Structures are given as C-alpha cells and as structure tokens.
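Here's the structure we're looking at; comments come further down.
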Amino acid sequence: MTSPSANITSVLKETRSFPPSAEFVANAHISGMEAYRELWQRSKDDPTGFWAEQAETLTWFEKWHTVLEWNEPHAKWFVGGKLNACYNCVDRHVLAGRGNQAALLFEGEPGDTRVLTYNDLLREVSQFANVLKNQGIQAGDVVTIYMPMIPEAVVAMLACARIGAMHSVVFGGFSAEAVADRNNDAKSKLIITADGGWRRGKVIPLKQNVDLALSKSPTVQTCIVYNRCNTSVEMVAGRDFWWHELAAAASTDCPAEPFDSEHPLFVLYTSGSTGKPKGILHTTAGYLLGASRTHHWVFDLKPTDTYWCTADIGWITGHSYVVYGPLANGATQVIYEGAPNQPREDRFWEIIAKYRVSIFYTAPTAIRAFIKWGDQWPKAHDLSSLRVLGTVGEPINPEAWIWYHTLIGGGRCPIVDTWWQTETGAIMIAPTPGAIATKPGSATMPVPGIHAEIVDRQGNPVGANEGGLLVIKHPWPSMLRTIFGDDARYREQYWSQIPGAYFTADGARRDDDGYIWIMGRVDDVLNVSGHRLSTMEVESALVQHPKVAEAAVVGRPDDLKGEAIACFVTLVSGEQPTEELKKELREHVVKEIGALARPDDIRFAELLPKTRSGKIMRRLLRDIAAGRESKGDTTTLEDFSVMAKLRESDE
Ligand code: 6R9
C-alpha cells in the first residue's frame, strides 16, 4: 500500500453549493436537513433498532429473532429470518396488484424493443428457475452468468435467487481466460450465456469465449445459450443447450422457497491489490435491504418515476441498482443493451426523451465522453422529464458535474454523487437529494445507517480538511460477508488495517461543513473508466508473455478515462523492443483479462527503478508516466541512471 499522502494531493477548493428546490424538498422521501439528521442520528444511536425498523419494508416468510450477531469481522444480520430475494423483487408486486406495471423497458442496440411487466417477469423467472432445477442446480450451487444487457440477464439472476443458487456474473467484456479463472475459483457448475450481444453495431462473440473458457473450467458441466443475435455457434452435444428449447419444456410454476437471511445470494469478482481477483460474497436479507433502502432514499423513487441506471449487470452497480434495489422497490426501469454512441452520439438522450426517464444514473467517465462529443447532442432532445441525476464509480470533476447539472439536468435536478464499493453492496455516502445541498465533486454525507469516519493509520480521526483514510465504524446489513474461499484475506484486507473499523482503501477529507470529499484509492487499484483493475493483474498478465522479464504497471491521469494504464516492461535477454512487440503485448493483456485492461502506454526499459531492497518504486514510475518531475524522496533508489533512461523512453 502506498501512503495516503502519495495519492492525496491537490485538493480542489470547490465552494459552490446547490440546494434542492422547495418543490423537490416538499415531495422528497427524506424532506429537509432536519429530517435527514434525525434519521441518521437515530441510526447512529441505535443501529440495530434502526435497521430492524427498515427491515419491515421487506417481505419475510419468517421473522428474524436477532437483528445482528457481530463477531468481528463476521456479521450475521436478521438471524432466524427467512425470505426469498426473488419473491421480494417480483412476486410481491404481482400479489399487490401491480402485475401489469412495466418492470423492464428494454431497448436493444439495433433498435428492437420489449416491455416486460411484473407479470411477465414472474412467468419468465419461474420458468427459467425450473430450467435450472431440471439441470440439477440446487440451493448453494454457483451459476456463472456471462450475458449481454438483455432482459434474460436479469431473469437469469432472479431465477438463481429464486432457487437459492449463487450467481457469479462475469462482465461480457472480460476474456475467456478471465471467465475460466472465475469459474474455477467459484467452482461454478453451470454457465448461462448468449450467442453474442450487440456493441457498436458488431456482435461480441460471447459463446465463442465460453467455449474457450470451458476447455479450462472442469467444474462447469452445462452451458445454456440464449439466442440474441442469430449468429451461428458451436453447440457441444450433452453440454450446450438452447435457452428457448429448455424453457419451452419447463413449467412456469415455481414457488419461491424461503431461505435463511444469511443464505449466500451471489459472488461477484472484483480487483484487489494483488493479481488475483476476489470473489466478494453477499448474502440475502442484509444485501437486499441495503440495496432497496438506499435506492429509495438516494434516488427518491416514486411510483410515477421511470428510472434508468446505465450500468452493466457485470458490475456491482448493475446488481444493486438495476436488479435488486429497483425491482425490490417495484420500479419501472429502462435497460439498454449497447454503446452510448450507436448509431450516433445522442443515443442516451434519445432514450431518455423516448421513455420520459425521470431518474438517470451513470458514470463520470461517460459524462466526460459526452462533453467531448459536444453539446449539440443533448440539446437536440427533450430532457424535461428528468428530475434526479446520479453518478458512481469514480470522483467526478467539478467541470463534468456542472456540465451534467446544466446540460442534462437543466439546472433543476439534484445530482447524487454516490460513493460505495462492490464490498459495501449498497450506496454508503451520497446526498439524500431532498435534504442535502450538493457541492460539485463531493459525495456529501453518509446515508442513514452508515457511520463513516476519516482517520489516520492508527485509527484516530483527523481534523477538518485533513486528508485521511475512509473507514466505516459499525457493521451494516449489505456489507460483504467474506471473500469466497479466502476468509483470511477478508480479515486481513478489510478488518486488520485500522483497529475496529472496515478499511475502504479510499482516501478522503471532510470539509468545514461536514461534507466528505473522496480522493481516490490508497492501494494499487486503478480506476480506468470507472472499472476497478489492479496493477498486479496487468503485471501478471504481462509477465506471462515469454518475451517479458519484468513489468510494472501504474496509473496515469487521463482526461477521459480518469486513469490510463501505463506499463514499464523489461525484456528477456536477446529480445528487441519493437513497435510490433508493443502491439503483441497489448493484445496479450486483452486476451488474458479483457479489452478493459488494454494498456495505453507501453515503455521498454533496461531496468526498473528499485529500492535497495528490490521493491519497484511505483511512485517514480507514476511521475514518469504522467510526465512530471519527481519531487519526492529518491534516496532509496538503487541506480539513478535508470530514471534518466526511462524518461528518454517516451511512448
Ligand atoms: C460502486 C463501485 C469501488 C471504488 C471505490 C472508489 C471508487 C466509486 C465513487 C468512487 C469517488 C464516487 N468510487 N464511487 N470514488 N466518488 N462516487 O464503483 O464499486 O467497482 O467496487 O469500485 O470506486 O475508489 O473504492 P467498485
């Protein structure tokens, strides 16, 4: 881990403040600052009492007897309770007479559309749950989902939840190697995919990747393929089955079974500071409660809203704010399959106008791309239906915030900048928009139930405006329960760094008004276009190439992506540094991890800067990659000429 101060420099002084309109406040679920403070204080004074009240918003088959059993670092929430996450997301809305309400308004990239009501969702999910059962899937089994953003991806997740199987969703942009690694780590039994998915007018060949992955995934016995693009794929007899054929033979009746509150709901892999992604494990009741309550508070969802979160279900944002949060709350939401610039740069604005979207949730990296594409695109559309805008995934720079506020929000929509992590399961720090005035670039204050602090390495709170480490002081329902198959790593990474607190690995500061400003990771995790990627993952992909001796990977500031991937590579003796080889190495990383990890810069070096004890001095490499002078201490550097040579080796 680097020291926090290495990452936490140049803090922008941003003083503008944007209070919600009186009308917004009057109609908000949490209306006014007093109401927020009262609710938050109540949650701090009596966390279990507070969460027990909140848990009444879920539908239980059996009520819990103990709200929280906490044996640090292991939490059990709502012990003794029984429920079904899928029932909460689907059945209960149908039973309440809302079966004809649209749940999913699907827009495919080529322009095809479908509407699934809650009735439709119940039928499709029940039928597919029976398909899984017919393939021998039981409660506790792991099922991999590697699909495009189509309604069947949501159906597949909910079908797993219905029968108590854990899903492990792998983002469609990951490579076959990455799919195989995740299959093997989770010991997945079955994989659900599609022939392909549409992206920028082309078909991403998902099934082809699965074929490669399955040659290295001995635990996976079955593959179910949804026909999305009508492309020809190879079907292995006895292993591969068409979704539509299995579904046609399955009953649509599959009652939701009761599961314990702590029954595992899913595992989702994310990058940590080592080369091996971590399987973050979430369980049923606490996760569902966190996702649904934060969705209610932060997006201020009303029955009249049309909600759209642009995240892919391959990320935690897709899990919590496309599937579990909005569906538990009975939302009507848009899901869109493809790229924001297909066929043109106004696809998102066209969709917002077409469906009269009122709540829109996206990432700063997308906003920066929209800015680059030009104001004419949003200006050509009627965006007057919007009333709340959200961002997630990385810090949003004030310029992008103001553009979003003005061009997209017409100056009237609160922007909820939501800070959270795969591990936290749900939004932790964000404005409740009818209460907290927003400031561009600040995620503002913790949501009710969350006790966030900024501390030094010893765990002592730091003063106002001092940079420190962001920690969470009390367990919360949607927190990860462990790292799948590696509880020691769970304890070590999250609960051993700072005494008595969950360590987020983010730096932050609090200003004089008590607003929290997130300052980025303090570990070796990159944030590339809002995607988490560990420098070690890219390094280990590079050194797997036979011509590479050693590699060091660092982040370089990038206007569009937030961070770009800069690689320093030394070659085995006898190999020549050529442009061809750079290309080859880029493709090699794409093959090992996926296109999202494609290196931006590759520099060949004779040597990497190391300390006398042999540690690569990444801080210096970061300076070189960014084209900066190195200001910090270089006295521990073993060989000074290395730096001069590296500076000459410009990309
Ligand atoms: C939800 C999600 C988590 C990391 C997190 C932090 C960064 C997320 C942010 C933000 C500043 C925000 N991050 N939201 N930084 N402001 N609003 O993104 O989960 O993929 O696990 O990434 O992303 O560094 O630690 P995940």
Side-chain angles (χ1 to χ4, degrees), residues 1-2 4 7-8 11-12 14 169 171 173-174 267-273 277-282 287 290-291 294-295 298 309-322 324-325 361-367 389-398 400-401 404 415-431 438-447 452 469-472 478-480 483 493-494 497 502-509 515-534 537 555 561-563 596:
M1 203 188 323
T2 49
N7 272 7
I8 305 172
V11 170
L12 287 154
E14 175 60 62
V169 183
F171 174 56
F174 277 115
V267 56
L268 179 61
Y269 284 83
T270 188
S271 297
S273 48
K278 313 180 267 199
I280 303 299
L281 184 90
H282 283 288
Y287 170 79
T294 52
H295 182 260
V298 175
C309 165
T310 65
D312 189 280
I313 51 141
W315 310 114
I316 190 67
T317 306
H319 283 59
S320 302
Y321 299 106
V322 175
Y324 292 105
Y361 190 27
T362 196
T365 185
I367 297 168
L389 301 175
T391 76
V392 59
E394 52 183 317
I396 179 165
N397 46 310
W401 195 101
Y404 197 31
I415 294 183
V416 291
D417 175 353
T418 62
W419 177 88
W420 58 295
Q421 308 176 301
T422 305
E423 292 88 341
T424 68
I427 294 169
M428 304 290 275
I429 302 174
T438 53
K439 296 188 190 185
S442 170
T444 75
M445 296 182 194
V447 297
L469 303 168
L470 179 65
V471 299
I472 312 296
S478 66
M479 64 188 256
L480 79 164
I483 293 175
Q493 296 219 316
Y494 302 110
Q497 312 273 351
Y502 167 84
F503 178 62
T504 64
D506 273 302
R509 79 178 165 100
Y515 280 59
I516 296 172
W517 299 74
I518 307 291
M519 296 153 128
R521 302 284 299 200
V522 298
D523 57 6
D524 292 324
V525 170
L526 304 179
N527 196 326
V528 181
S529 298
H531 298 151
R532 257 171 87 162
L533 208 57
S534 121
E537 263 172 282
K561 297 177 164 187
E563 266 183 306
L596 73 171

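In this text the structure is predicted, and so the values were computed from the model without any measurement. Start at 1 and go down the list; that is how both ligands and their atoms are numbered.
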If you take the centroid of each ring, where Trp contributes its six-membered ring, are Tyr321 and Trp420 closer together than 6.0 Å?
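Aromatic pair counts; centres sit under 6.0 Å.
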Any salt bridge linking Glu563 with Arg532? Criterion: basic side-chain nitrogen under 4.0 Å from a carboxylate oxygen.
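Salt bridge between Glu563 and Arg532, a charged N being under 4.0 Å from a carboxylate O: no.
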Distance only, no hydrogens: is a donor on one side chain within 3.5 Å (strictly under) of an acceptor on the other, for Gln497 and Tyr502?
no
Can you find a side-chain donor-acceptor pair between Thr422 and Tyr269 that sits under 3.5 Å?
no
Less than 3.5 Å between some nitrogen or oxygen of Glu423 and one of ligand 1, yes or no?
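No; the residue has no nitrogen or oxygen that sits under 3.5 Å from a nitrogen or oxygen of the ligand.
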Polar-atom distance check: Gln421 versus ligand 1, any N or O pair below 3.5 Å?
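Looking only at distances, the answer is yes, because the N/O contact criterion of under 3.5 Å is met.
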Please verify whether a non-hydrogen atom of [X] lies at under 4.0 Å from ligand 1.
| X | answer |
| --- | --- |
| Ala443 | no |
| Gly520 | no |
| Trp420 | yes |

Among protein heavy atoms, which lies nearest [atom], and at what distance?
| atom | result |
| --- | --- |
| atom 12 (C) of ligand 1 | Glu394 O, 3.5 Å |
| atom 20 (O) of ligand 1 | Arg532 CD, 3.5 Å |
| atom 11 (C) of ligand 1 | Pro395 N, 3.1 Å |
| atom 6 (C) of ligand 1 | Asp506 OD2, 3.2 Å |
| atom 14 (N) of ligand 1 | Gly393 N, 3.1 Å |

Which atoms from ligand 1 have a heavy atom of [X] less than 4.0 Å away?
| X | answer |
| --- | --- |
| Ile518 | 11 (C), 15 (N) |
| Thr317 | 1 (C) |
| Val392 | 1 (C) |
| Thr422 | 19 (O), 20 (O), 21 (O), 26 (P) |

Ligand 1 versus Asn527, non-hydrogen atoms closer than 4.0 Å: side chain, backbone, both, neither?
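Asn527 to ligand 1: side-chain contact only, backbone stays beyond 4.0 Å.
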Of the side chain and backbone of Thr418, name the one, both, or neither that has a heavy atom under 4.0 Å from an atom of ligand 1.
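The answer is the backbone.
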Give a yes or no answer on whether the side chain of His319 reaches the backbone of Trp315 with a donor-acceptor pair at less than 3.5 Å.
yes
Measuring only between side-chain heavy atoms, which start at C-beta, is Thr317 closer than 4.5 Å to Val322?
no
Taking the side chain as everything from C-beta on, heavy atoms only, tell me whether Thr418 gets closer than 4.5 Å to Val298.
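Yes, close enough: below the 4.5 Å cut-off.
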Start with the C-alpha distance between Asp417 and Trp401, add both sets of side-chain angles, then the distance that settles side chain to side chain donor-acceptor pair (under 3.5 Å), and finish with yes or no.
CA-CA 9 Å; Asp417 175 353; Trp401 195 101; 5.5 Å; no
Using the test side-chain contact (heavy atoms from CB on, under 4.5 Å), find all partners of Ala363 that sit at least two apart in sequence or belong to another chain.
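Partners of Ala363 under the side-chain contact (heavy atoms from CB on, under 4.5 Å) test: Thr365.
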Atom CD1 of Ile427 and atom OG of Ser320: how far apart are they, to the nearest 0.5 Å?
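Here the interatomic distance stands at 8.5 Å.
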